[in-house]
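Treat the numbers as computed from the prediction; the structure is a model and nothing was measured. In this chain, residues are counted from 1 in sequence order.
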Amino acid sequence: MGDRILIAGATGSLGRETARALRERGHYVIAMGRDPRRLAALSGVVDEVRVADALRPETLTTVCDGVDRVFSCMGASVIPMPRYGRATFTRLDTPANTHLVNVAVQAKVRKFVYVSVFGAERLPHMDFVQGHERVVEVLRESGLDYGVLRPTGFFQAMLEILTVASRGLMPQFANGTPRTNPIHEADLAEVCADALYDDIRERDVGGPEALTRREIAELAFAAVGKQGRFIPVPVSALKTAGLLMRPISPRVGNLFTFIADILVDDFVAPAYGSRRIADFFAERCRAAPLTTSQG
């Protein structure tokens with residue numbers, strides 16, 4: 001058996017895929033989370049579960065006991081919908097991961113790997129970026145051996161595009177020409193597993209193909225079997241929506257503002273993996289055909 005590795009955020013799509021990757025490499029995987037029911041769903045994916053709420057440091061006292069390495073993709077949802085919560089990233093991601101880093105220091109773990117966000121240097125004023133990069137600063141000052149991954153975006157976060165495409169209409173910002181290369185969680189998981197053992201401190205990560213925003217939308221239309229039409233929308237409208245949403249749902253408001261900024265520029269990182277978004281869309285439509293019948 002290899003190392004004992006704690007995964008914070010194991011119940012999310014990236015956490016689950018990273019658990020699988022690490023177990024396939026022969027490691028003993030421990031999932032940490034605050035919801036026992038969601039942790040129970042990881043039966044067969046991880047070797048052990050530990051219930052703890054990283055926003056309550058008193059619950060973390062023993063969570064790193066016997067742990068060799070820690071991987072964290074723990075944080076608030078990036079889906080800009082109120083049902084996923086109101087707390088901003090600086091109020092959730094930063095303190096939760098800081099508490100875990102402090103416990104890892106006390107436990108003298110051998111390495112801590114954290115998932116931040118690509119393009120942080122371009123958008124340092126954004127709450128989404130600050131919520132992640134403040135954790136990076138804590139890691140740099142912790143004395144721990146650490147690794148930081150900055151992906152452009154996950155395939156899972158693209159699922160809302162399928163829902164919109166199923167209605168036959170798609171908003172288009174900045175003519176749809178800026179490019180990006182999101183990465184499948186299973187491909188990113190392999191990079192995360194590597195990062196727990198290699199000597200690269202910080203790296204940007206993207207998927208194997210860089211596509212324009214319009215091309216991604218066209219792939220979504222093809223997956224749901226719609227011709228589809230594009231509706232030009234000024235980016236300023238999305239920023240205004242963000243300002244209006246902040247009193248109601250601060251996280252959603254901040255995400256709208258962040259998305260408005262990344263839609264007008266290329267966000268392309270070094271390519272990893274082999275999975276393509278067209279296949280991902282097609283697989284999701286086969287698995288949940290009702291998605292294609294909305295509207």
Side-chain angles (χ1 to χ4, degrees), residues 7-22 24-25 45 71-80 89 93 113-123 126 128-129 131-133 135-136 147-162 165 176 178-198 200-220 222-223 255 258-259 261-263 265-285 287:
I7 297 181
T11 57
S13 57
L14 176 59
R16 179 183 286 263
E17 292 291 353
T18 303
R20 288 195 179 104
L22 290 169
E24 287 175 0
R25 298 182 186 202
V45 179
F71 170 74
S72 178
C73 55
M74 172 175 58
S77 172
V78 299
I79 306 299
F89 296 93
D93 291 45
V113 171
Y114 176 67
V115 179
S116 184
V117 56
F118 178 71
E121 72 286 352
R122 285 192 258 175
L123 301 169
M126 291 290 174
F128 180 61
V129 171
H132 290 79
E133 286 300 298
V135 179
V136 176
V148 175
L149 301 172
R150 295 191 177 90
T152 52
F154 304 164
F155 278 16
Q156 192 75 21
M158 298 282 168
L159 286 179
E160 191 62 27
I161 296 176
L162 280 181
R179 299 158 61 247
T180 189
N181 60 333
I183 184 168
H184 193 291
E185 284 85 346
D187 284 338
L188 180 55
E190 296 295 335
V191 183
C192 295
D194 289 343
L196 282 160
Y197 290 91
D198 64 28
I200 302 173
R201 278 287 172 90
E202 304 183 22
R203 83 184 84 187
D204 298 331
V205 183
E209 53 183 354
L211 301 169
T212 67
R213 303 286 179 174
R214 185 182 179 98
E215 287 171 335
I216 293 172
E218 288 170 342
L219 291 174
L255 277 171
F258 173 75
I259 292 168
D261 277 350
I262 67 172
L263 286 176
D265 199 2
D266 288 347
F267 276 77
V268 179
Y272 293 82
S274 60
R275 293 170 175 84
R276 300 182 180 276
I277 198 162
D279 298 328
F280 174 75
F281 282 162
E283 290 166 5
R284 285 308 176 104
C285 287

Taking the side chain as everything from C-beta on, heavy atoms only, tell me whether V78 gets closer than 4.5 Å to V117.
no
Excluding sequence neighbours, so at least two apart, what forms side chain to side chain donor-acceptor pair (under 3.5 Å) with R25?
E190, D194
With C192 as reference, evaluate V205, L149, D187 under the side chain to side chain contact (heavy atoms under 4.5 Å, CB included) test and give the passing residue.
L149
Those residues at least two apart in sequence (or on a different chain) that pass ring pair (Phe, Tyr, Trp, His ring centres under 6.0 Å) with Y114 are none
Please report the shortest heavy-atom distance between V115 and F154, naming the atom on each side.
CG1-CZ, 4.4 Å
Atom CG in N181, atom OG1 in T152: separation rounded to 0.5 Å?
4.5 Å
Exercise: identify the closest heavy-atom pair between F281 and A223:
CB-CB, 3.6 Å
Do the non-hydrogen side-chain atoms of F89 and V129 ever get within less than 4.5 Å of each other?
no
Test your reading of the model: is there a side-chain donor-acceptor pair from Q156 to the backbone of E185, 3.5 Å cut-off?
no
Tell me, please, which residues at least two apart from R214 pass salt bridge (Lys or Arg N to Asp or Glu O under 4.0 Å).
E218
Taking all non-hydrogen atoms of both residues into account, name the closest pair between I183 and G206 and its distance.
CD1-O, 3.6 Å
Carefully, step by step, assess D198 and R203 under the rule side chain to side chain contact (heavy atoms under 4.5 Å, CB included).
CA-CA 11 Å; D198 64 28; R203 83 184 84 187; 2.3 Å; yes
Do T18 and C73 touch side chain to side chain, with heavy atoms closer than 4.5 Å?
no
Rounded to the nearest 0.5 Å, what's the gap from CG on D265 to CZ on R179? Could you check?
11.0 Å
So how far is it from L159 CG to I79 CD1, rounded to the nearest 0.5 Å?
7.5 Å
Validation row: I277, E215 side chains within 4.5 angstrom (heavy atoms):
no
V45 side chain near R20 side chain, heavy-atom distance below 4.5 Å
yes
How would you list, by chain and number, every residue that makes a ring pair (Phe, Tyr, Trp, His ring centres under 6.0 Å) with F155, sequence neighbours excluded?
H184, F280
Got a second to check how far L188's CG is from E17's CD, nearest 0.5 Å?
10.0 Å
From CG (L123) to CZ (F128), nearest 0.5 Å:
10.5 Å
Could you report the tightest heavy-atom contact between P151 and S116, atom names first, then the distance?
CD-O, 3.5 Å
Minimum heavy-atom separation for G176 and T212, please, with both atom names.
O-CB, 3.2 Å
From S274 OG over to D279 CG, what is the distance, rounded to the nearest 0.5 angstrom?
9.5 Å
Over all atoms of both residues, closest heavy-atom pair of G207 and A271:
O-CB, 3.3 Å
Please check if the side chain of D93 supplies one atom and the backbone of H132 the other of a donor-acceptor pair under 3.5 Å.
no
The side-chain contact (heavy atoms from CB on, under 4.5 Å) partners of D204 (sequence neighbours excluded) come to F118, R150, A269, P270
Close side-chain approach of V136 and E202, heavy atoms under 4.5 Å:
yes
By side chain to side chain donor-acceptor pair (under 3.5 Å), which residues pair with T180, not counting sequence neighbours?
none
